[in-house]
Amino acid sequence: KAGVTQTPRYLIKTRGQQVTLSCSPISGHRSVSWYQQTPGQGLQFLFEYFSETQRNKGNFPGRFSGRQFSNSRSEMNVSTLELGDSALYLCASSLWSDSYNEQFFGPGTRLTVL
Amino acid sequence: AQSVTQLDSQVPVFEEAPVELRCNYSSSVSVYLFWYVQYPNQGLQLLLKYLSGSTLVKGINGFEAEFNKSQTSFHLRKPSVHISDTAEYFCAVRRNSGNTPLVFGKGTRLSVIA
């Protein structure tokens, strides 16, 4: 069974631009979560989608948004990029949204903002 | 709200020696507990999880962890480490009811020395 895939793997943008990251969950998984990983703040939860609905949202500004499609694929968008948005963005999928469900992580998208 | 403290940011250990990575959590409600490992340029992989039952949990790659409710700890142990265990290890908690996200500790970098 294929794992979680994220595209692109690496991205370089400049301040003020916007970016869209994509995540394809494991086949059959309906929940997708996004995390931001930085050396200073560690792993921080961005949002979770289940059946095309946002179920949870972390403490990030409105510049960060996401969506989920009917095939469970998800995208996240960051508008008006800032230097501090440079990070590894990780996507994780699980069968359901319940807390005991294991989350399977993708390899991440490394975003660099210049 | 839940929080996780990983007491050591870096742990160097010689090959074939035992290792313990410490994790303490804070929560006013019951939680599930997880340990993840992250190898360079990769996403997170679940090592083990505690949902209920026996407080000693065995995971992959020879790792185990013990849930101690009175001390709110979930330390990770391995009796004999290999060079291939060099990685970043993350402890995480999740409320065991409702739908809440994973909360991660800052991580512990394990370096195995030959």
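Per chain, numbering begins at 1; letters A, B, ... match sequence-line order.
Comparing A/Gly108, A/Gly106, A/Gly42 by how many heavy-atom pairs each has under 4.5 Å with chain B, the most go to A/Gly106. Between chain A and the options B/Leu102, B/Val31, B/Asn41, the largest number of non-hydrogen pairs under 4.5 Å is found for B/Leu102. Of the listed residues B/Phe90, B/Phe34, B/Phe104, the one with more heavy-atom pairs under 4.5 angstrom with chain A than any other is B/Phe104.
Only the side chain of A/Arg9 comes within contact range of chain B, judged by heavy atoms closer than 4.5 Å. If you measure heavy-atom distances from A/Tyr35 to chain B, the contacts under 4.5 Å come from the side chain alone. Looking at B/Leu44, both its backbone and its side chain come within 4.5 Å of chain A, counting heavy atoms on both sides. Interface remark: A/Leu90 contributes side-chain atoms only to the contact with chain B (heavy atom separation under 4.5 Å). There is no contact between B/Gln45 and chain A, counting heavy-atom distances below 4.5 Å. Of the atoms belonging to A/Gln37, it is side-chain heavy atoms, and not backbone ones, that fall under 4.5 Å from chain B.
Donor-acceptor pairing under 3.5 Å is lacking for the side chains of B/Thr5 and B/Asn24. Residues A/Arg30 and A/Ser51 have side chains that bring a donor and an acceptor to within less than 3.5 angstrom of each other.
Applying the salt bridge (charged side-chain N to carboxylate O under 4.0 Å, His left out) rule to pairs touching residues 36-55 of chain A yields nothing, sequence neighbours excluded.
Between B/Cys23 and B/Trp35, the closest side-chain pair of non-hydrogen atoms falls below 4.5 Å.
Put simply, B/Leu46 and A/Val32 are part of two different groups of oily side chains (I, L, V, M, F, W, Y) that touch within less than 4.5 Å, one to the next. With hydrophobic clusters built from ILVMFWY side chains whose heavy atoms lie under 4.5 angstrom apart, B/Val13 shares a cluster with B/Tyr39.
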